[in-house]
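The structure appears below as structure tokens.
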Number of protein chains: 2
Amino acid sequence: MPPKSDLPQGTLDLLILKTVAMGPVHGYAIGQRLQQVSRDVVQVPQGSLYPALHRLETRGYLAADWKLTETGREAKFYHLTRKGRVQLETEAESWKRLAEAVGLILQVPEGAAE
Amino acid sequence: MPPKSDLPQGTLDLLILKTVAMGPVHGYAIGQRLQQVSRDVVQVPQGSLYPALHRLETRGYLAADWKLTETGREAKFYHLTRKGRVQLETEAESWKRLAEAVGLILQVPEGAAE
DNA sequence: TGTAATATGTAGAAGCGCAAAGTATCCAAC
DNA sequence: GTTGGATACTTTGCGCTTCTACATATTACA
């Protein structure tokens with residue numbers, strides 16, 4: 001079973017915000033950490049990750065500074081703004097409610113079909 | 001708490017398939033049932049619902065017949081095809097895995113920086 | 001007669017994720 | 001010394017889905 005990623009629209013932002021909330025990180029590390037914590041279920045391609053980061057930065061949820069990584073390389077370290085922290089809480093709450101709702105619907109036993 | 005709908009991409013299809021699996025229903029009833037079972041968390045606009053139904057029908061997951069409702073009105077009653085039943089199981093499984101993965105990520109305590 | 005609820009449908013716009021490119025650095029192997 | 005892999009960031013364009021808004025028709029009820 002190849003681990004499919006295919007994140008539903010909107011979910012990526014939430015996961016990124018959450019990851020950044022754990023401390024300043026650069027984009028590449030965000031992708032790795034998501035994959036790691038999710039046990040390989042979530043695998044974010046760079047073509048999804050970086051545009052998402054720019055999107056979040058444009059909206060004022062993230063801010064960034066260029067710094068050196070532990071390995072001595074230039075990287076853009078993101079951190080949450082106050083606005084971003086609020087957004088994270090909002091989205092996390094929305095996700096929770098949605099997950100519960102979908103759970104409820106999927107739980108319904110299937111009646112006699114046709 | 002205003003009940004926001006805004007379903008992530010792909011989720012709507014899953015919910016529709018699940019609802020139809022419980023027995024032949026027409027589009028309007030699907031929307032109502034989703035709203036009811038999800039306790040108003042899921043509210044599908046008609047402009048989302050009907051295109052989704054056509055999409056699922058085109059793909060061979062749903063089939064439909066015109067019948068009379070209990071109230072004596074013409075309505076298109078959808079039922080799952082065999083292919084649709086398989087698809088439902090696949091999507092439900094994907095959702096489960098994703099929900100677990102997102103749960104894992106959201107669970108991580110903040111400030112776990114290295 | 002008018003309005004609310006039922007029931008289906010289309011068109012246009014906007015957003016998002018992804019594939020596929022490209023750029024550049026560091027390090028180890030050969 | 002150069003090849004290759006891992007790291008790190010960026011951009012463009014495609015395809016898909018959802019939403020807003022509108023259009024249409026019937027039934028029920030005041």
Side-chain angles (χ1 to χ4, degrees), chain A residues 2-17 19 24-36 41-59 61-62 64-78 91 94-95 98, chain B residues 2-17 19-20 24-36 42-59 61-62 64-78 91 94 98 102:
Chain A
K4 256 179 24 181
S5 48
D6 276 332
L7 284 176
Q9 153 182 33
T11 311
L12 180 58
D13 287 8
L14 168 60
L15 297 184
I16 290 177
L17 287 177
T19 303
V25 269
H26 57 272
Y28 195 84
I30 292 175
Q32 288 194 316
R33 200 177 287 190
L34 283 178
Q35 182 171 345
Q36 183 191 344
V41 174
V42 176
Q43 293 180 24
V44 189
Q46 299 186 334
S48 304
L49 180 61
Y50 291 108
L53 285 172
H54 299 327
R55 209 164 53 225
L56 294 171
E57 197 179 1
T58 300
R59 290 182 188 164
Y61 299 148
L62 297 181
D65 311 286
W66 286 93
K67 289 185 196 169
L68 288 178
T69 65
E70 299 170 1
T71 56
R73 305 185 53 166
E74 289 284 325
K76 213 169 167 184
F77 282 78
Y78 290 92
E91 287 194 23
S94 288
W95 168 266
L98 176 71
Chain B
K4 255 179 25 183
S5 50
D6 276 334
L7 286 176
Q9 151 184 33
T11 311
L12 180 58
D13 288 8
L14 168 59
L15 297 184
I16 290 177
L17 287 177
T19 303
V20 174
V25 269
H26 57 272
Y28 194 84
I30 293 174
Q32 287 194 316
R33 201 178 286 190
L34 283 178
Q35 181 171 346
Q36 181 192 346
V42 176
Q43 293 181 22
V44 189
Q46 301 185 333
S48 304
L49 180 61
Y50 290 107
L53 286 172
H54 299 326
R55 209 163 52 229
L56 294 172
E57 196 178 1
T58 299
R59 290 181 187 164
Y61 299 148
L62 296 183
D65 310 285
W66 286 94
K67 290 183 194 170
L68 287 178
T69 65
E70 299 170 1
T71 56
R73 305 185 53 165
E74 287 286 325
K76 214 169 165 184
F77 282 77
Y78 289 91
E91 288 194 21
S94 289
L98 176 71
V102 174

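Letters A, B, ... mirror the listed sequences (proteins, then strands); counts begin at 1. Excluded from the calculations below are hydrogen atoms, water molecules and symmetry mates; all remaining heavy atoms, backbone and side chain alike, are included.
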Counting distance alone, no hydrogens or angles: does the base of dC9(D) have a donor or acceptor under 3.5 Å from a partner atom on the side chain of Gln46(A)?
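Pair found.
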Could you please name the option among [options] that lies closest to any side-chain atom of [X]?
X	options	answer
Lys76(A)	dT8(C), dA24(C), dT10(D)	dT10(D)
Pro51(A)	dT12(D), dC16(C), dG9(C)	dT12(D)
Ala75(A)	dT18(D), dT8(C), dA8(D)	dA8(D)

Categorize [X] for me: base, sugar-phosphate, or nothing, with a 4.0 angstrom heavy-atom threshold over every strand shown.
X	answer
Leu49(B)	nothing
Gly27(B)	sugar-phosphate
Leu53(A)	nothing

Starting at the 5' end of DNA chain C, which residue's closest nucleotide do you reach first, Gln32(B) or Ser48(B)?
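Whichever sits nearer the 5' end wins; that is Gln32(B).
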I want to confirm an ordering. Mapping His54(B) and Gln9(B) to their closest nucleotides on DNA chain C, which one lands closer to the 5' end?
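Per heavy-atom nearest nucleotide, the more 5' residue is His54(B).
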Rounding to a whole Å, what distance do you find between Leu15(B):CG and dT17(D):P?
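For the pair Leu15(B) CG and dT17(D) P, the rounded distance is 15 Å.
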Separation of Arg73(B) atom CZ from dT26(D) atom P, in whole Å?
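In whole Å, dT26(D) P and Arg73(B) CZ are 9 Å from each other.
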Shortest non-hydrogen separation from Leu53(A) to Gly27(A) and the atoms involved:
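So the two residues come closest at CD1-CA, 3.7 Å.
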Which comes earlier along DNA chain D counting from the 5' end, the contact point of Thr11(B) or that of Tyr50(A), where each point is its nearest nucleotide?
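The residue closer to the strand's 5' end, by nearest nucleotide, is Tyr50(A).
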